[in-house]
Structure formats: C-alpha cells, structure tokens
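Just the heavy atoms: all of them, side chains too, but no hydrogens, waters or symmetry mates, feed the values below.
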Amino acid sequence: MVVQTIGSVRQWLRDRDNLWFLALALACLVPIWAFRYFPSQDGPVHVENCRIIMEYHRPDRAAFREYYELNPRLELTWLGHLVLVGLMWVAPERVAEKILLSGYVLLLPLAIRYALRSVRPRLPAMDRGECGRGLRAPRGAETPRPQPQPAPRGAETPRPQPPPVPDGAADDDEVGHAERSRGISPGAGEKRDSSTTQGSARNDRVRGPGPPHAEAGDAGWLALLGFPFIYNYTLHMGFFSFCYSLALFFFVVGYWLRHRERLTVGRWAGLSALCVLLCFYHPVSLVMACLAVGVSMVWSALAAALGEAGPGRPNWRRFLLVTRHASRITWSQAWPFALALLPAAVLLVSFTSRQGGATLRAPSLRELVLLAVRPLFSFTMAEAGLSVLVTCLFAGLAAVTLATRQRRSDGFAVAALLAVVVYLVAPKAFSGGSFIPPRLTLYPFFLAILWLGAHEHARWVRRAAKVGATGITLALLGILTVKYAELNRDLEEYLSVEPLIEANSTVLPISYAHRGITPDGRLQTQKICTFAHPAAYIASRKGLVDFMNYEACVGYFPVLFRPKFQPFVHIGRKGEFGTEGPNVDFLTYPERMGGRVDYVLVWGAPRGEHDAAAAASVRRQLDAAYDLVFTSRPRGLMRLYRRKPAGLSTRPQ
C-alpha cells in the first residue's frame with residue numbers, strides 16, 4: 001500500500017500542471033505564516049467568542065457568566081465558530097487561526113479543480129496522448145486518414161452517432177468520456193437517456209470542431225484562474241465562514257454535475273449533506289449554487305429538447321414541442337435536486353423569517369464598474385489595479401472562446417450574467433447580515449471559470465492564461481506581504497498594553513483610527529478597518545469582557561450580551577457604537593445598569609471636526625474617573641486608562 005501510494009504521488013508530480021498548482025498553493029500560504037497576526041477586521045472577534053465558548057463554565061471566568069449568555073438557539077452562524085473552537089482545543093489561538101486560514105487557502109483551489117473536472121473530466125493517459133498531449137506526429141509528416149471499410153452486400157450502413165455531451169455535466173465513467181471525445185458511440189448495448197443524447201447532438205452540430213492546436217484533456221488547469229481570488233476583500237474583512245462557503249459552492253456544483261445522470265440514494269444523501277453544510281457556512285453561497293445548478297439544468301434541457309425536435313423552421317408547433325420536451329427533462333432532474341435541497345431550504349427559511357428581510361436596490365453604472373475593482377481591493381490601490389487586470393484576463397479568455405464558436409456549456413455563461421444582475425440589485429444587508437454586494441462580486445468570475453472549463457483551448461491560450469493568473473497572484477502576494485509587515489508592526493504596538501490589564505476585567509476599546517495611520521499622517525489601509533477589533537485578542541487571552549464585541553450584540557451568534565448589560569444600547573447609540581470615534585457614555589453606566597468599565601483603551605487621536613464633540617465627551621469622562629497608566633511606544637498611538645478607586649471619581653464639568 002505504501003509503495004503504491006508513493007508511486008501515485010510520483011506519477012502525480014510528473015504532471016507539469018500539478019507541479020504548477022502545488023507551487024502556487026504553497027506560495028499562497030506564505031503571507032499567513034510569515035507574520036504573527038493576520039490583519040483582518042473581524043477575525044479577532046471570532047477568536048474572542050470561541051474562547052468564551054470554551055471557558056464559559058470555568059470557575060475563574062465569572063465575568064463571562066456575569067455579562068454573557070450562550071445562545072440557546074442553534075443558528076446558521078454556529079458552524080464556523082465550532083470548527084475554530086475545535087482547533088483552539090489542540091493549538092494556541094494564533095496557531096489555530098492560521099490553521100483555519102490555511103485550510104481555506106488550500107481548499108478553495110482544490111474545490112475549483114474538482115468542479116472543473118466535473119465539467120470536463122480527466123482522460124486516461126492513452127486518450128490524452130491520442131488527443132495531442134503525448135503522441136504527436138513528427139513535424140512535416142502527414143497524418144493518414146482512416147479509410148472506411150466497405151459494408152457487406154445487403155447490410156444496412158449504420159449512421160454515425162454524435163457524441164453526447166450534456167451541458168456542463170460529466171459522467172463518472174471516464175472511459176466513456178474518452179470514447180465520446182473521439183467520436184465513438186459509448187458502450188454498445190448500454191441504455192442511455194435519449195433526451196441527453198439528442199440534445200448533445202444538437203450542441204455538437206452547433207459548436208463544430210474545437211480551435212486549432214487545442215489540447216484535449218481535463219479542465220483542471222483552469223483552477224489557476226482561481227488563485228488571484230484567494231486573498232479577496234471578504235477574507236480581509238474576516239468573513240472566514242463565508243470564505244469556506246466559496247469552496248463548498250464549487251463542491252456542491254461539481255458534485256451535482258458528476259452525479260446528476262445517476263443520482264443514487266447514497267449520492268442524493270451526499271448532495272443533501274453538502275447543501276446543509278453550505279447553508280451553515282453562508283446562505284449567500286447556497287443561493288448562488290442553486291442559481292448555477294438551476295440555469296445549467298434548464299439550458300441543458302433546452303438543448304436536449306431542440307435535439308429531439310430536430311431541424312425545422314420556427315413556428316408555434318415547434319415551440320410547443322420544444323417546451324414540452326424541455327419541461328419533461330428539467331423535471332426529471334429538478335425534483336431530485338429540490339428534494340436534496342429541502343433540509344437546507346428549511347433551515348434558511350427558518351433563519352430569515354426570524355431575522356427579517358430587505359428591499360432590492362436599483363442597478364447603477366457605478367456598481368457595475370465596482371464589480372471589476374472590488375474583489376481584490378482591500379488595503380492599497382495597487383490591489384484595485386490587479387483586480388482590473390483579472391477582469392481584463394477573463395474578458396480576453398471569454399472573447400477568444402466565443403471566437404472559436406464553441407457552444408458546449410453556455411448555461412454557465414448565462415448563470416454568470418445572471419450573477420451580475422443579482423449583484424446589481426441585491427440589498428446591502430439581509431436578515432441581519434451586511435456587506436452582501438461585496439460578497440456577490442466573486443460569483444460572476446467563478447461561474448465564468450466553469451464556463452471556460454467546458455471548452456477546449458489552444459495551447460497558446462492555455463499558456464497565456466496560466467502565466468497571467470500566476471503573475472497576478474504573485475504580484476498580489478508581494479503587495480500583501482509588504483502591507484502585512486507594516487500592519488503587524490502597529491498591531492504589536494496596539495497589543496503591547498496587554499500585560500497591564502488584569503484578568504476577568506471589563507474593557508472598552510475606543511478607536512480614532514480604524515484603518516491605521518502612517519507616520520506621515522496617511523491612512524494605512526483603503527478599505528479594511530484592521531484596528532477596529534484587535535482588543536479582542538487581549539480579551540481572549542486574559543478572559544476580559546470586551547464591550548466592543550459586536551457579535552454578542554446582534555443576536556444570531558453563539559455568544560450574547562445579557563440584555564441589561566447590552567453596550568450597543570446602554571453605552572453607545574445603536575448603529576453608532578463601534579464606529580470610529582463613537583459617542584459613548586461609559587461614566588454613568590455603573591449607576592444606570594449595574595455594570596462596570598474597568599479599563600478604556602484609546603487608539604489614535606481625533607483627526608477632524610466630526611470627532612471633536614464625541615472626543616471632548618470621552619476626554620471629560622476619562623479625566624473624571626480614570627487614570628492614564630500606559631502610553632505605547634514608539635509612536636504613542638495606544639493609551640490605557642484604568643478606573644480610579646472608589647471615592648476618587650468626580651463628575652465631569
């Protein structure tokens with residue numbers, strides 16, 4: 001067994017595409033492990049609440065039980081926290097967070113590859129050689145054409161059967177796929193769905209031969225196009241569960257494409273489990289997976305129905321015939337998928353009915369332009385430029401593919417266009433979740449990858465796509481490495497206050513520089529508020545109650561503030577608390593609610609007139625009841641205030 005495994009690994013490494021894929025995947029891990037902290041906006045809060053879950057019942061964590069309560073209702077947001085809790089049981093929290101991030105970095109390109117090989121499976125080695133990868137005729141040699149054998153006298157000449165290629169789908173039997181790719185009718189005597197065969201024949205007549213010098217084989221090499229999207233905007237926002245849902249999106253679509261022709265009970269159960277898992281990680285990805293599967297299903301049925309109807313002039317009779325055939329084929333595939341989707345749909349409806357809905361937006365040209373800029377834009381304008389380059393790369397590949405007049409899986413192209421429409425009209429927040437449009441920016445590109453994977457591409461196109469995707473990925477990694485180093489220096493200064501804070505205390509972080517400040521006064525990041533929640537790391541390690549713990553205030557995460565201590569209501573104004581330079585009243589909080597604010601962390605300094613009134617109020621409260629006990633070095637951006645002993649506090653004037 002060991003020898004066989006080693007042999008399989010060696011054979012896998014002999015493939016240049018595999019080596020390219022592996023090298024790029026390992027390179028993407030470097031920014032995570034090269035620095036002490038991963039600079040994300042909400043990531044520290046996830047770690048903090050996982051620590052609360054782990055230590056809630058410990059005798060020395062009385063402050064947790066005083067201010068927090070565990071959510072008695074199982075919500076869709078629990079799964080990501082439980083996974084991180086499991087990692088934190090076996091590794092320190094910083095290492096556990098890095099393991100979680102590394103799993104996503106490796107899983108996303110693997111999931112894309114899996115889905116692409118479901119669209120167009122990998123051929124056996126002999127078939128790849130015959131298709132042009134291995135056995136090539138010498139230059140200048142003429143390839144002999146096969147001569148037709150005369151049929152016996154009186155025998156009926158069989159008509160050649162067109163190769164059935166379902167729209168965007170693939171059978172598990174790779175040998176059958178190899179036969180189809182060479183124009184051989186599959187499995188003599190094997191019974192097949194006539195609708196699939198005839199629809200595929202129609203597709204073959206439309207698309208004609210592939211591009212010259214096209215390299216046949218699986219579409220897995222196109223997974224390189226997914227690498228630039230690993231370090232996307234949502235990852236730096238700290239939406240770790242959503243990022244995992246991106247990988248599960250590809251697994252759900254790929255699993256359906258592989259097994260939709262032969263969906264046994266076991267495979268149906270596997271698909272249902274994948275849908276439930278995807279729903280628990282993030283409902284947006286479940287909705288987009290349904291969009292991808294549904295559009296592909298309808299498009300395939302229409303192609304098959306046109307094949308059954310045969311050639312003819314458009315008229316009402318032909319229209320009704322095609323509609324009837326398409327409906328029958330769609331229903332035969334739709335009801336198993338709908339049945340598998342039912343448990344996840346029940347969970348989703350239950351969650352949204354409790355949290356409420358939202359209204360759609362009006363499409364705008366500005367949002368359409370942002371679609372090309374948003375996916376990779378987190379810290380610097382250079383990332384926005386790379387995001388535009390990625391859009392141009394996809395546009396170029398799409399133009400070349402359309403120029404070859406192939407029509408193998410235009411269903412995914414339609415799904416990609418519909419994903420753009422969904423992005424343009426989707427609400428900014430839904431059922432308590434926010435940042436919906438930035439999440440949706442990724443799916444038009446992902447669906448375009450699946451569409452490209454259904455086609456054969458010339459060697460020069462493959463090389464250009466590989467080099468382009470790799471170059472953009474390495475450039476992005478270089479930009480992020482420099483920025484991570486800069487942000488880690490300031491994060492170390494922020495967290496240098498930790499040794500002076502007593503365990504089981506309460507702390508109120510106030511920030512006047514969510515996006516950081518460079519020594520010359522510029523913002524360190526363009527989009528990500530890296531310094532909004534670093535205090536959560538301190539709270540996690542010291543067992544503190546962090547009043548800026550936004551997850552405990554919204555109602556659908558595992559940890560909740562007790563209503564009488566709710567800081568978003570009783571310390572700051574709801575909707576404003578947690579913003580840069582908040583207007584807060586923490587001095588009278590003990591008298592009004594019975595709680596206490598032991599420490600106040602102040603990061604940065606007011607930078608404009610809009611901060612002046614709120615900052616003056618904070619200053620008066622600090623002078624009345626708190627002592628300055630620490631100022632950070634080297635830049636003095638962090639100041640720690642500790643509440644004075646009882647009897648020494650005075651009312652602010």
Side-chain angles (χ1 to χ4, degrees), residues 36-38 40 42-75 77-101 238 240-241 280 491 494-509 533-568 570-571 578 586 589-590 593-601 629-630 640 642-643:
R36 185 177 179 86
Y37 298 103
F38 181 78
S40 68
D42 293 348
V45 184
H46 303 329
V47 173
E48 175 187 17
N49 285 292
C50 289
R51 180 66 66 185
I52 295 172
I53 295 171
M54 294 172 61
E55 301 181 353
Y56 186 81
H57 294 289
R58 274 178 42 174
D60 58 339
R61 291 291 184 252
F64 285 170
R65 295 185 294 277
E66 180 182 0
Y67 286 87
Y68 295 119
E69 60 182 348
L70 297 181
N71 193 341
R73 178 179 290 154
L74 180 63
E75 301 283 4
T77 56
W78 273 74
L79 185 58
H81 288 76
L82 294 180
V83 171
L84 186 54
V85 165
L87 293 174
M88 289 171 63
W89 274 113
V90 299
E93 61 185 34
R94 285 192 300 107
V95 178
E97 185 182 23
K98 291 178 183 294
I99 294 174
L100 183 74
L101 293 169
F240 298 157
S241 292
F280 269 106
L491 284 171
Y494 188 112
L495 299 172
S496 63
V497 72
E498 179 180 341
L500 299 174
I501 301 178
E502 296 180 5
N504 294 304
S505 303
T506 61
V507 61
L508 173 63
H533 301 294
Y537 284 134
I538 304 175
S540 173
R541 291 191 284 260
K542 309 266 313 202
L544 308 178
V545 174
D546 173 16
F547 287 124
M548 205 60 70
N549 183 352
Y550 78 91
E551 285 188 358
C553 297
V554 296
Y556 51 82
F557 283 101
V559 177
L560 306 175
F561 271 112
R562 296 189 183 276
K564 68 175 182 177
F565 295 128
Q566 175 63 268
F568 276 39
H570 304 303
I571 294 180
F586 54 89
Y589 178 66
M593 310 311 304
R596 65 186 189 276
V597 180
D598 298 322
Y599 294 91
V600 178
L601 301 178
V629 295
F630 176 79
L640 173 64
R642 183 174 56 204
R643 190 172 182 87

Open item on the list: Using every non-hydrogen atom in the two residues, find where Ser40 and Phe240 come nearest and quote the distance to one decimal.
Closed with: OG-CZ, 3.9 Å
Task: Separation between CD of Gln566 and OH of Tyr67, rounded to the nearest 0.5 Å - done: 13.5 Å
Task: Check: Arg65 main-chain N/O paired with Arg562 side-chain donor or acceptor under 3.5 Å - done: yes
Task: Nearest non-hydrogen partners of Ala539 and Glu48, listed with the distance - done: CB-OE2, 3.5 Å
TODO: With the side chain counted from C-beta on, respond yes when Val47 and Met88 share a heavy-atom pair under 4.5 Å apart, and no when they do not.
DONE: yes
Open item on the list: Run Glu66 and Arg596 through side chain to side chain contact (heavy atoms under 4.5 Å, CB included) and show every step you take.
Closed with: CA-CA 11 Å; Glu66 180 182 0; Arg596 65 186 189 276; 3.5 Å; yes
Open item on the list: Any non-hydrogen side-chain atom of Leu640 less than 4.5 Å from a side-chain atom of Leu601?
Closed with: yes
Open item on the list: Measuring only between side-chain heavy atoms, which start at C-beta, is Tyr37 closer than 4.5 Å to Pro44?
Closed with: no
Open item on the list: Show, in sequence, the C-alpha distance, side-chain angles and deciding distance for Arg643 and Val597, and conclude whether the side chain to side chain contact (heavy atoms under 4.5 Å, CB included) test is met.
Closed with: CA-CA 7 Å; Arg643 190 172 182 87; Val597 180; 5.5 Å; no
TODO: In sequence, state the C-alpha distance, the side-chain angles, and the governing distance for Ile538 and Ile501, and then conclude on side chain to side chain contact (heavy atoms under 4.5 Å, CB included).
DONE: CA-CA 9 Å; Ile538 304 175; Ile501 301 178; 4.2 Å; yes
TODO: Please check if the side chain of Ser505 supplies one atom and the backbone of Leu544 the other of a donor-acceptor pair under 3.5 Å.
DONE: no
Open item on the list: Could you check whether any side-chain heavy atom of Asn71 comes within less than 4.5 Å of a side-chain heavy atom of Val559, counting everything from C-beta outward?
Closed with: no
- [ ] Could you tell me the separation between the CE atom of Met54 and the CH2 atom of Trp89, rounded to the nearest 0.5 Å?
- [x] 4.5 Å
Task: Phe561 versus Cys553, closest heavy-atom pair with distance - done: CD1-SG, 3.5 Å
Open item on the list: Any non-hydrogen side-chain atom of Trp78 less than 4.5 Å from a side-chain atom of Arg73?
Closed with: no
TODO: Mark yes or no for whether His570, through its side chain, and Pro563, through its backbone, hold a donor-acceptor pair below 3.5 Å.
DONE: yes
TODO: Could you pull out the closest heavy-atom pair between Tyr56 and Glu69, with the gap in Å?
DONE: OH-CA, 3.6 Å
Open item on the list: Between Leu79 and Ser241, is there a side-chain heavy-atom distance shorter than 4.5 Å?
Closed with: no
TODO: Find the distance between CZ (Phe586) and CD1 (Ile571) and round it off to the nearest 0.5 Å.
DONE: 9.0 Å
TODO: Rounded to the nearest 0.5 Å, what's the gap from CG on Leu500 to OH on Tyr599? Could you check?
DONE: 8.0 Å
Open item on the list: Check this for me: does any side-chain nitrogen of one of Lys542 and Glu498 sit under 4.0 Å from a carboxylate oxygen of the other?
Closed with: no
Open item on the list: Tell me whether Asn549 contacts the main-chain N or O of Ala536 through its side chain, where contact means a donor paired with an acceptor under 3.5 Å.
Closed with: no
Task: Pair Arg58-Phe64, side chain to side chain contact (heavy atoms under 4.5 Å, CB included): steps then yes or no - done: CA-CA 9 Å; Arg58 274 178 42 174; Phe64 285 170; over 6 Å; no
Task: Closest contact, heavy atoms only, Tyr494 versus Val497 - done: O-CG1, 3.5 Å
Open item on the list: Whether the side chain of Asp598 engages the backbone of Thr506 through a donor-acceptor N/O pair (distance < 3.5 Å, no angle test) should be reported.
Closed with: yes
Task: Exercise: identify the closest heavy-atom pair between Leu495 and Pro534 - done: CD2-O, 3.4 Å
- [ ] Pick out which of Arg94, Glu55, Glu93 makes a side chain to side chain donor-acceptor pair (under 3.5 Å) with Ser540.
- [x] Glu93
Open item on the list: Here's a test for you: under ring pair (Phe, Tyr, Trp, His ring centres under 6.0 Å), which of Tyr589, Phe565, Tyr68 qualifies with Phe547?
Closed with: Tyr589
Open item on the list: With heavy-atom distances below 4.5 Å as the criterion, would you say the side chains of Phe38 and Leu101 are in contact?
Closed with: yes
TODO: Please determine which of Glu551, Arg51, Glu97 meets the side chain to side chain donor-acceptor pair (under 3.5 Å) test together with His46.
DONE: Glu551
